[in-house]
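All remarks here apply to the structure that follows.
Here is how names work: the chains are called A, B, and so on, in the same order as the sequence lines, proteins then strands, and each is numbered from 1.
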Amino acid sequence: MPNFWSDPFGFIIQGFNNLLLSWGWPASTVQVVGDALGAFVLVAGSLFFCLLLIWAERKIGGRVQDRLGPNRVGPFGLFQAVADMLKIFTKEFVTPTGVDKVVYNLAPILSVAAVIMLWAVIPFTITFYGNDLNVGVLYLVAVGGLAEMGIVMAGWGSNNKFALLGAFRAVAQLVSYEVPMVISLLLPVMLSGSMKLNEIVRSQDVWFILSAPIAAIIFFISSIAENGRAPFDLMEAESEIVAGFNIEYSGLKFGFFFVGDFLHAFTIALLFSVLFLGGWRGPGADQIPLLGFVYLMLKTTIMYFVGLLVRFSLPRFRIDQMMNINWKMLTPLALGAVIATALIDKGVSRFLVTLTPVLYAIVRTAILLLANALVLWTGMDLMGNVLERRERRVVAIEPRPVARPEPLPVEPEQSEGEVP
Amino acid sequence: MLSDWLYIGIFMLLSLFLPAAAIVIAGILGPKKPSPIKNSTYECGIETVGETWVQFKAQYYVYALVFLVFDVETIFLYPWALAYNQLTFYMVAEAVLFILILLTGLIYAIRKGALEWQ
C-alpha cells in the first residue's frame, strides 16, 4: 500500500480496489469498475482542466499583445472561463438548412474526443497513468489522426463554401504534417527500444532532446501544425475565409472546437515533455511519485508557454510556404536524422562498451548531438539550394486591373439624321 | 493484453459520450427559435450560388499519394526501431538503404515539381 503523502494517486487507486475486493466483489468486476471510474475521472478532469487553459491562454495572449487580458470576473479574471461556459450552455444551436446532419453534429464531438483519447496513455507519475499500452506511440499517431477527421467532417458537412475551403486546406495541411511527425517519433522508440510511454520515460537517463534534438524540434513544429494554431492556422484564417471550417457552428458545438484546440495545445506540451524532456523523471521522483508529477507539470508548463509565444508572435504562413516547409524541409531532415542516428549509434556504440556506464552515456549523447548538428547544417544547406533553384511566380509585381476613376473617352456626338 | 484494450475501449466510449452529453444538455437548455432567414447559409450576407459539394482539386491527390507512401513506410520502420538495440550493424544498414530509396523518391518528386503548390 503506497503512502498517501508520497503517492496520493497510487494510494487512492489501491485503496479503492482494496475496498471493492473487501466487499467480496470478483477481481474481474473490480478491474472493469476501476477502469471505468479511472477513465471517467481522466476524461472529465481533462474537460474541466480546459477551463483553466482557456483562462491561461487569454491571459498570456493578452500580455504578449500588450493588453491586460480577462481581469474582471474573480481574482485575475480566473472565473471568466466559467462565466463563458455558463453562457455558452444556454445559447441556441443554429443549424443551417442543407447541412449533412450526421456529419455536422458528429464533427465537434470527434474533434474533442480525439484529443482526450490521447490522455489514455500519458504517464503522469511512475504509478499514475491511464494504461501503459505496448503500442503507445502508434496509438498516439493513430488517435491524433482522428482530430483532422473532425475538422474535415465539419467543413464538408456544413454545406458552406468558406467551410469547404477550410476543409480543403485542412486536408492538405494535416495530412502533410503527419509525415514528419511520425518519422520524428521513430527516434525516441529507437533510443529507448520500447513503444510504451512509461518505458520511454524510464530510459531517459539523458533527456532525448539532447540525443535527438532534430526529432524534438520537428515533433514540436509538426504538432503545432496538426493542432492548426497560429503560424499554421490556414484552415480557420479569419481574414481570408471568415472562420473556415467552423463558420456554421454556434453555441456549445462551436465551443467544443475550441475546447479541443486548447486541450490539444496543452497535450502537445505534455507529450513533448514525456517523449523528449524526461517526463516525470527528476531527482527523487522514483521514491516520491508526487514529486514526479510536479516535475512533469513544470516541464509541460514551460513547453506550453513556448507554444503560446509562438502562437501569438508569428504571422500566418502562405499555403505554398507551408507545404514547402513540410515536404522540402522537415520530411528530408527527419529522414536524415533517423539515418544518421541509426548508423552512427550502431557504428560507435560497439567501441564504447569498455567505458563505465556514466561515461558511456555522456560520450554517446555527445556523438549523437554532434551528428544531429551535422545533419541539420548539411540538410539546411542542401534544402536551401533546392528551394532557391526553382523560380517562383511573383504575383504582386504583375500589373493588375485596379478600380480607378479614369476619364471616360469622349464619344463623338451622333446626330439622329445620320442613321443609315 | 485484453484488459489493456478494455480500458482503452472504455476510455474511447467515455470521451465520445461526455461531449455528446454536454451538447445534448446545451440543446435542451438553449432557446429554439429557428427561422428561414436565420437558418440560411452564411456567406457574408450574399445568397449562396450553386452547388457547394464540389470535387477536390486534382493536386490534392499528389499530396495524398506521397503521404500514403511515407506513412506506410514509417509504419514499416516502427518494428525495426523497436528492435534496434538488438540488431547488428548489417540489419541497420539494410533499413537505412530502405530509407535512402524512399528519400531518393522524395527528392525526385521535389525536382519534378510535383510538390509545388499552384
**Study point:** Option that, when pairs with chain B are counted at under 4.5 Å, heavy atom only, ranks first among A/Asp345, A/Leu187, A/Asn326
**Key:** A/Asp345
Point to revise | Side chain, backbone, both or neither of A/Val171 within contact of chain B (heavy atoms, under 4.5 Å) | key: side chain
Exercise for review: Look only at the side chain of A/Lys328 and the backbone of B/Ile107, and say whether a donor-acceptor pair between them is shorter than 3.5 Å.
Suggested key: no
Practice item. Under 4.5 Å heavy-atom distance to chain B, tell me which part of A/Leu343 shows up: side chain, backbone, both or neither. Key: both
Check your understanding: So do the side chains of B/Trp5 and A/Leu133 get within less than 4.5 Å of each other, counting heavy atoms only?
Key -> yes
Revision key, fill the gap. Chain A shares the most heavy-atom pairs under 4.5 Å, among B/Ile23, B/Val96, B/Val92, B/Asn85, with B/Ile23
**Study point:** Side-chain touch A/Ile116/B/Met12, heavy atoms, less than 4.5 angstrom
**Key:** no
Review point. Is it the backbone or the side chain of A/Thr341 that comes under 4.5 Å from a heavy atom of chain B, or both, or neither?
Key: backbone
Review point. Using a cut-off of under 4.5 Å for heavy-atom pairs, which of A/Ala114, A/Pro96, A/Ala44 has the most such pairs with chain B?
Key: A/Pro96
Review point. Among B/Phe70, B/Trp80, B/Phe17, B/Phe67, which has the most heavy-atom pairs under 4.5 Å with chain A?
Key: B/Phe67
Practice item. State, yes or no, whether a side-chain contact exists between A/Val94 and B/Pro34 at a heavy-atom distance under 4.5 Å. Key: no
Review point. Can you tell me if A/Glu92 uses its side chain to pair, donor with acceptor, with the backbone of B/Lys33 under 3.5 Å?
Key: yes
Review point. Any chance CZ of A/Phe48 has more than 12 other-residue heavy atoms, nucleotides or ligands included, within less than 6.0 Å?
Key: no
Review point. Looking at B/Ser15 and A/Ala113, what are the two nearest heavy atoms and their distance?
Key: O-CB, 3.4 Å
Study note, to complete from the structure: The interface call for B/Leu14 against chain A, heavy-atom contacts under 4.5 Å, is both
**Study point:** Geometric cation-pi criterion A/Lys346 and B/Tyr84, 6.0 Å radius, 45° cone
**Key:** yes
**Study point:** Distance (rounded to the nearest 0.5 Å) between B/Leu13 CG and A/Phe40 CZ
**Key:** 14.0 Å
Check your understanding: Is the closest side-chain heavy-atom distance between B/Leu100 and A/Ile339 below 4.5 Å?
Key -> yes
**Study point:** Proximal component of A/Phe256, with respect to chain B [non-hydrogen, under 4.5 Å]
**Key:** side chain
Practice item. Measure B/Ile8 against the heavy atoms of chain A and call it side chain, backbone, both or neither at under 4.5 Å. Key: side chain
Review point. Atom CG of B/Leu18 and atom CD1 of A/Ile109: how far apart are they, to the nearest 0.5 Å?
Key: 11.0 Å
**Study point:** Atom group of B/Ala22 that falls short of 4.5 Å from chain A, counting heavy atoms
**Key:** both
Practice item. Give the member of A/Glu248, A/Lys91, A/Met195 that has the highest number of heavy-atom pairs under 4.5 Å with chain B. Key: A/Glu248
Exercise for review: Can you tell which part of A/Ser192 gets under 4.5 Å to a heavy atom of chain B, answering side chain, backbone, both or neither?
Suggested key: backbone
Review point. Is it the side chain or the backbone of A/Val175 that comes within 4.5 Å of chain B heavy atoms, both, or neither?
Key: both
Revision key, fill the gap. In terms of heavy-atom pairs under 4.5 Å with chain B, the winner among A/Ala172, A/Gly255, A/Gly336 is A/Ala172
Review point. Which bit of A/Ala167 is near chain B, if near means a heavy-atom gap under 4.5 Å: side chain, backbone, both or neither?
Key: neither
Check your understanding: Atom CG of B/Leu82 and atom CG of A/Leu138: how far apart are they, to the nearest 0.5 Å?
Key -> 9.0 Å
**Study point:** A/Met323 side chain reached by B/Tyr63 side chain, heavy atoms, under 4.5 Å
**Key:** yes
Review point. Tell me, side chain or backbone of B/Ile75 under 4.5 Å from chain A's heavy atoms, or both, or neither?
Key: side chain
Check your understanding: Side chain, backbone, both or neither: which part of B/Tyr60 has an atom under 4.5 Å from a heavy atom of chain A?
Key -> side chain
Exercise for review: Using non-hydrogen atoms and a 4.5 Å limit, figure out which bit of A/Val115 sits close to chain B: side chain, backbone, both or neither.
Suggested key: neither
**Study point:** Shortest non-hydrogen contact from A/Pro332 toward B/Leu103
**Key:** CA-CD1, 4.1 Å
Practice item. Can you tell which part of A/Val143 gets under 4.5 Å to a heavy atom of chain B, answering side chain, backbone, both or neither? Key: side chain
Review point. To the nearest 0.5 Å, how far apart are CG in B/Leu102 and OG1 in A/Thr331?
Key: 12.0 Å
**Study point:** Largest heavy-atom contact set with chain B, pairs under 4.5 Å, which of A/Val189, A/Leu186, A/Thr97
**Key:** A/Leu186
Review point. Would you say B/Tyr78 and A/Leu185 make side-chain contact, with heavy atoms under 4.5 Å?
Key: yes
Study note, to complete from the structure: Applying a strict 4.5 Å limit to non-hydrogen atoms, the region of A/Leu164 in contact with chain B is side chain
